[in-house]
2 protein chains.
Amino acid sequence: MTTEQDAPTGLRERRRRQTEEEISEAALDLFERRGVAGCTVDDIAEAAQVSPRTFFRYFATKERAALVAHRDVEDTFQRVVTGLRPDEPLLPQIETLWVEMLEQLRDGQSPAGRQMLRLRLLMRTEPSLRLAALHLDEERRDEFIALVAGVVGTTPDDLDIRVTVETAGTLVGVALDRWADAVERRTTGPTPDLVATYRDTCAAFRRLCRG
Amino acid sequence: MTTEQDAPTGLRERRRRQTEEEISEAALDLFERRGVAGCTVDDIAEAAQVSPRTFFRYFATKERAALVAHRDVEDTFQRVVTGLRPDEPLLPQIETLWVEMLEQLRDGQSPAGRQMLRLRLLMRTEPSLRLAALHLDEERRDEFIALVAGVVGTTPDDLDIRVTVETAGTLVGVALDRWADAVERRTTGPTPDLVATYRDTCAAFRRLCRG
DNA sequence: ATGATTGTGGCAGTCACTGCCAACTCGGCA
DNA sequence: TGCCGAGTTGGCAGTGACTGCCACAATCAT
């Protein structure tokens with residue numbers, strides 16, 4: 001049911017994950033300290049103790065290195081999509097799927113949540129990171145649409161599915177933004193919950209659809 | 001009613017517009033022939049008869065040069081946004097705004113329409129152009145939201161406005177994609193109408209919201 | 001006309017990113 | 001145990017995007 005242990009976890013595989021982790025940690029750290037424009041790929045590679053050449057074997061751009069959290073969350077789509085019921089309204093179901101995916105982040109205290117929070121805080125002031133995230137989302141969208149189409153049994157160029165998936169994606173983006181905003185502004189009280197923020201966003205959306 | 005003659009059109013101004021036009025035409029033309037990756041900024045600059053250095057005074061990236069049609073359509077938002085009525089439902093009104101903006105494109109026969117069509121056909125096979133368009137949209141979104149907030153009289157960080165503007169933007173994106181798809185696939189009959197495509201997309205969206 | 005403003009081209013430089021090759025490491029197998 | 005094939009790494013050279021700086025030319029205001 002999980003996606004981790006499907007590959008035979010040899011030493012090579014483990015080493016590769018560890019290196020990726022080290023690079024992305026170095027990138028996140030340097031971006032926080034000096035800004036994205038303020039550090040080069042060479043800087044990140046050095047901090048992660050790999051050669052610049054190796055950096056590019058792991059990530060296509062320096063921005064991508066900071067987006068592993070984003071990518072990992074999207075990776076879980078494949079797992080949750082199987083829960084779709086073809087005979088029920090699609091949009092609320094996709095919303096539920098996203099709730100399942102965002103649950104691993106919640107208040108940003110888990111490792112995955114903390115990493116995502118750092119990223120989204122960075123994104124508030126770093127246009128290049130927002131762009132890279134947009135890029136990642138766009139790359140994944142067709143895959144999502146194909147997966148959904150497969151489960152509910154229509155063609156991938158079905159207009160309804162496309163609109164539904166894109167709309168839901170937009171709402172997730174808004175929720176992530178507002179989550180980071182809330183965390184940034186917070187002075188007291190518990191850390192804002194991403195799932196709650198997402199539910200609020202969906203509620204606002206539904207209100208607007210009714211008029 | 002038009003946006004052209006608001007500035008005192010001196011020779012400098014006219015010359016500047018003409019140069020921009022020449023560069024973007026050269027870019028569009030070369031992209032169509034050799035692909036985005038297949039030509040350099042130097043190529044485009046040479047074709048437009050300017051120096052590479054001057055190219056970058058007009059456009060930040062080579063992709064941007066192909067996106068003037070996109071930018072010009074978005075520029076009209078400022079004009080149509082004044083028609084908003086604060087006391088009526090927002091989402092259908094924003095949809096109407098977009099119809100007004102997309103009307104200048106319609107079947108892609110007008111100069112603006114033709115240019116947009118060339119761009120959207122390119123975008124079907126050029127990820128870098130899709131990314132650049134996403135980037136442009138994102139840059140504009142805050143401006144849109146601020147304008148809407150100003151007219152309806154709320155703060156720019158209003159959740160409802162944000163969700164409405166982003167949702168509508170998503171639907172426009174889908175409609176533009178489908179428009180280009182329809183044009184590409186068309187063998188006979190009249191050229192597909194963008195406004196009609198957009199209305200279809202909005203209709204599908206409304207259907208999905210009801211469930 | 002003339003001085004201020006603005007646009008242009010060239011040059012040097014930084015940095016992102018890629019292809020290629022040589023050295024090394026891990027995993028399986030005789 | 002020794003050895004081969006596959007996967008991983010680093011260096012190097014090269015291309016191309018993009019920028020700052022400077023000198024020069026074209027426009028505009030007076």
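Chain letters run A, B, ... following the sequence lines, proteins first, then strands; residues in each count from 1. Source: prediction; values computed, not measured.
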**Q** Heavy atoms under 4.0 Å is the rule here; annotate nucleotides 24-29 of chain C 5' to 3' with B where the base is hit, S where only the sugar-phosphate is, and - elsewhere.
**A** -BBS--

**Q** With a 4.0 angstrom cut-off to heavy atoms of chain A, pull out the first and last contacting nucleotide of DNA chain D, in 5'-to-3' order.
**A** D/dA6 to D/dC12

**Q** What I want to find out is whether B/E126 reaches B/R130 closely enough, with some N-O distance under 4.0 Å, to be called a salt bridge.
**A** no

**Q** To the nearest Å, how far apart are A/R64 CZ and C/dC17 P?
**A** 11 Å

**Q** To the nearest Å, how far apart are B/R14 CZ and C/dG7 C1'?
**A** 16 Å

**Q** For the helix from C/dA1-D/dT30 to C/dA30-D/dT1, measure the angle between the helix axis at one end and the axis at the other, each built from five pairs, rounding to 10°.
**A** 10°

**Q** Does any N or O in the side chain of A/S128 come within less than 3.5 Å of the main-chain N or O of A/A37, such that one atom is a donor and the other an acceptor?
**A** no

**Q** Using a heavy-atom cut-off of 4.0 Å across all strands, would you classify B/F59 as base, sugar-phosphate, or nothing?
**A** nothing

**Q** Are A/R16 and A/Y58 side-chain neighbours, meaning at least one heavy-atom pair lies under 4.5 Å?
**A** yes

**Q** Would you kindly compare B/R15 and A/T61 by the position of their nearest DNA chain C nucleotide and give the one closer to the 5′ end?
**A** B/R15

**Q** Between the side chain of A/Q78 and the main-chain N/O of A/D75, is any donor-acceptor distance below 3.5 Å?
**A** no

**Q** Just the rounded figure in Å: distance from P of C/dT18 to OH of A/Y58.
**A** 16 Å

**Q** Report the distance from atom CD of B/E20 to atom P of C/dG7, rounded to the nearest whole Å.
**A** 13 Å

**Q** Rounded to the Å, how far apart are B/I23 CD1 and C/dG7 P?
**A** 13 Å

**Q** Got A/R79 and A/M101 here, is their nearest side-chain heavy-atom distance under 4.5 Å?
**A** no

**Q** Quick one: is B/T54 getting a side-chain N or O under 4.0 Å of the C/dG9 phosphate, OP1 or OP2?
**A** yes

**Q** Which part of the nucleic acid, if any, lies within reach of A/F55 when heavy atoms closer than 4.0 Å are counted: base, sugar-phosphate only, or nothing?
**A** nothing

**Q** Could you work out, with side-chain hydrogen bond (donor to acceptor under 3.5 Å, both in side chains) as the rule, every residue matching B/R33, not counting sequence neighbours?
**A** B/D29

**Q** Classify the ring geometry of A/W98 against A/F77: parallel below 30°, tilted from 30° to 60°, perpendicular beyond 60°.
**A** tilted

**Q** In plain terms, say whether B/R34 and B/D43 are close enough for a salt bridge, that is, a side-chain N and a carboxylate O under 4.0 Å apart.
**A** yes

**Q** Run the side-chain hydrogen bond (donor to acceptor under 3.5 Å, both in side chains) test against A/R71 and tell me which residues pass, sequence neighbours left out.
**A** A/E20

**Q** 5'-most contact on DNA chain D: B/K62 or B/R53, nearest heavy atom basis?
**A** B/K62

**Q** Just to verify, what does A/R162 make a side chain to side chain contact (heavy atoms under 4.5 Å, CB included) with, not counting sequence neighbours?
**A** A/I145, A/E166, B/V174, B/D177

**Q** Is it the case that the side chain of A/R186 and the backbone of A/G189 share a donor-acceptor pair, with hydrogens and angles ignored and the cut-off at 3.5 Å?
**A** yes

**Q** Counting side-chain heavy atoms from C-beta on, which of C/dC15, C/dG10, C/dT18 comes nearest to A/F56?
**A** C/dT18

**Q** Do the non-hydrogen side-chain atoms of A/W179 and A/L176 ever get within less than 4.5 Å of each other?
**A** yes

**Q** Would you mind reading off the distance between B/E46 atom CD and C/dG9 atom P, rounded to a whole angstrom?
**A** 13 Å

